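Down below is the structure, laid out as structure tokens.
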Amino acid sequence: MQMEGKRRLMGEAPRFLSFHQAFVDIYRRGGIVGLWQGSVPGLQRAALVNLGDLTAYDMTKRFLIHKMEMEEGPLAHILASLASGFVAAVAATPADVVKSRIMNQPTDERGRQVSVHIKFNINSQFFQLFFKPEE
């Protein structure tokens, strides 16, 4: 539904006018499978976020208390939370890219994805985040 707001700002007509219309249209085009499109990458992303978040919080808090000799209190919790949020965001980024690509793939008239092969080219995608490509 967020993209519908962006479509309106760009002067394009909305694809859906309500949640109910979106639900019915997706079901009509893809059936039950269409409603579950993108669920596997979503679950993988959730697992990565939780793994990174919980692990980083626990390890950072232990490090601060035992190695840095910080007292357990609000400062230790805030610093551990900051570290765990950063780790969770970094861990979720690749899954977010894959999920977005799967959910934005074109579908045929029956709602099946036209291409289920996702090619992730590390040289052209990952490193462009850090280095400007030569022109």
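All values below come from the heavy atoms of this structure, side chains included, with hydrogens, waters and symmetry mates left out. When a residue number appears, it is its place in the shown sequence, counting from 1. Bear in mind the structure is a predicted one, so any value in this text is a computation, not a measurement.
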Could you tell me which non-hydrogen atom of [X] sits nearest to which non-hydrogen atom of [Y], and how far apart they are?
{"X": "Ala76", "Y": "Glu71", "value": "CB-O, 3.8 Å"}
{"X": "Leu79", "Y": "Thr60", "value": "O-CG2, 4.2 Å"}
{"X": "Ala56", "Y": "Ser84", "value": "CB-CA, 3.7 Å"}

Original post:
Can you tell me if CE on Met70 sees more than 12 non-hydrogen neighbours from other groups inside 6.0 Å?
Top reply: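 Yes - once you tally the heavy atoms of other residues, nucleotides and ligands closer than 6.0 Å, there are more than 12.
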Subject >> Any Arg29 side-chain heavy atom under 4.5 Å of Ile26 side chain >> reply: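 Touching, per the 4.5 Å side-chain cut-off.
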Original post:
Is any side-chain heavy atom of Tyr57 less than 4.5 Å from a side-chain heavy atom of Val87?
Top reply: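 Of all side-chain heavy-atom pairs linking Val87 with Tyr57, none is under 4.5 Å.
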Assigning hydrophobic clusters by single linkage (Ile, Leu, Val, Met, Phe, Trp, Tyr; side-chain heavy-atom cutoff under 4.5 Å), is [X] placed with [Y]?
{"X": "Leu48", "Y": "Val40", "result": "no"}
{"X": "Leu75", "Y": "Met68", "result": "yes"}
{"X": "Val49", "Y": "Leu43", "result": "no"}

Subject >> Interatomic distance, Arg45 atom CZ to Ser39 atom OG [nearest 0.5 angstrom] >> reply: 14.5 Å
Original post:
Hey, does the side chain of Asn50 reach the backbone of Ala46 with a donor-acceptor pair shorter than 3.5 angstrom?
Top reply: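 Yes; judged by distance alone, with no hydrogens or angles, the pair exists.
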Original post:
Between His77 and Glu72, is a side-chain contact (heavy atoms from CB on, under 4.5 Å) present by the stated rule, with each step listed?
Top reply: CA-CA 8 Å; His77 291 285; Glu72 183 168 346; 3.9 Å; yes
